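Computed from a predicted model, the values in this text were never measured in an experiment.
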Amino acid sequence: MTVSAEILEKVKRDLGETGTYNDGAITDLIEEVMDYMAGAGVSDARILASVGTISRGVSDLWDNDGGKVELSPYFKQRVTQLALRG
């Protein structure tokens with residue numbers, strides 16, 4: 001799934017990021033999160049409509065603590081909810 005400019009801008013807004021310096025890294029993380037969601041069974045349409053969840057996942061990955069990366073329980077629970085909706 002391709003990351004649209006609109007999703008990138010919304011995620012950057014949610015992260016408090018401005019400018020374009022980190023766009024490549026943020027786009028890579030958005031793709032990772034969207035792939036995680038798809039692998040969990042979330043439909044493409046629901047993924048594209050769930051920018052808040054994407055932002056939460058990107059934030060979890062962005063704020064790694066000394067290389068220790070963990071997705072938050074909230075993110076995982078939200079993905080499960082979205083997947084169960086079909």
Side-chain angles (χ1 to χ4, degrees):
M1 188 177 316
T2 303
V3 176
S4 70
E6 179 182 11
I7 289 176
L8 175 61
E9 289 307 311
K10 287 181 178 181
V11 170
K12 285 171 54 177
R13 177 203 61 211
D14 292 348
L15 293 174
E17 288 288 319
T18 58
T20 59
Y21 180 76
N22 290 314
D23 282 7
I26 294 170
T27 297
D28 290 345
L29 294 176
I30 293 170
E31 289 173 350
E32 282 292 316
V33 169
M34 292 169 77
D35 187 59
Y36 180 94
M37 294 172 74
V42 181
S43 70
D44 288 354
R46 193 162 310 278
I47 290 170
L48 295 174
S50 301
V51 176
T53 303
I54 293 169
S55 293
R56 175 74 262 162
V58 169
S59 178
D60 291 347
L61 298 175
W62 186 258
D63 295 330
N64 67 63
D65 182 22
K68 184 177 115 180
V69 178
E70 288 188 53
L71 293 168
S72 64
Y74 173 80
F75 173 77
K76 292 177 184 178
Q77 290 169 355
R78 187 66 181 132
V79 169
T80 299
Q81 290 173 337
L82 293 170
L84 291 174
R85 285 190 178 170

Chemist: Would you be so kind as to tabulate the donor-acceptor pairs closer than 3.5 Å made by side chains of residues 15-34, with sequence neighbours excluded?
Modeler:
from : atom 1 : to  : atom 2 : distance (Å)
E17  : OE1    : N22 : ND2    : 3.0
D23  : OD1    : K12 : NZ     : 2.8
T27  : OG1    : D23 : O      : 2.8

Chemist: Do the side chains of Y74 and V11 join up, straight or via other hydrophobic residues, at under 4.5 Å, putting them in one cluster?
Modeler: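 Unlinked, Y74 and V11 end up in two clusters.
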Chemist: Just how far is it from atom OG1 of T2 to atom CD1 of I7, taken to the nearest 0.5 Å?
Modeler: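 Here the rounded value is 10.0 Å.
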Chemist: Looking at side-chain heavy atoms only, is the closest gap between K76 and Y36 below 4.5 Å?
Modeler: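 Yes; the side chains approach each other to less than 4.5 Å.
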Chemist: Nearest heavy-atom pair of A40 and V79: which atoms, and what distance?
Modeler: CB-CG1, 3.5 Å
Chemist: Find the distance between OG (S55) and NZ (K10) and round it off to the nearest 0.5 Å.
Modeler: 9.5 Å
Chemist: Look up atom CG in L71 and atom CZ in R78, then write down how far apart they are to the nearest 0.5 Å.
Modeler: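 It is 15.5 Å, given to the nearest 0.5 Å.
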Chemist: Checking side-chain contact (heavy atoms from CB on, under 4.5 Å) for the pair V42/S50: CA distance, chi angles, key distance, verdict?
Modeler: CA-CA 10 Å; V42 181; S50 301; 5.7 Å; no
Chemist: Roughly how far apart are T80 OG1 and M37 CE, rounded to 0.5 Å?
Modeler: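 So the OG1 of T80 and the CE of M37 are separated by 10.5 Å.
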Chemist: Indicate the atoms forming the closest heavy-atom contact of I47 with A38, along with that distance.
Modeler: CD1-N, 3.6 Å
Chemist: Any non-hydrogen side-chain atom of L48 less than 4.5 Å from a side-chain atom of M1?
Modeler: yes
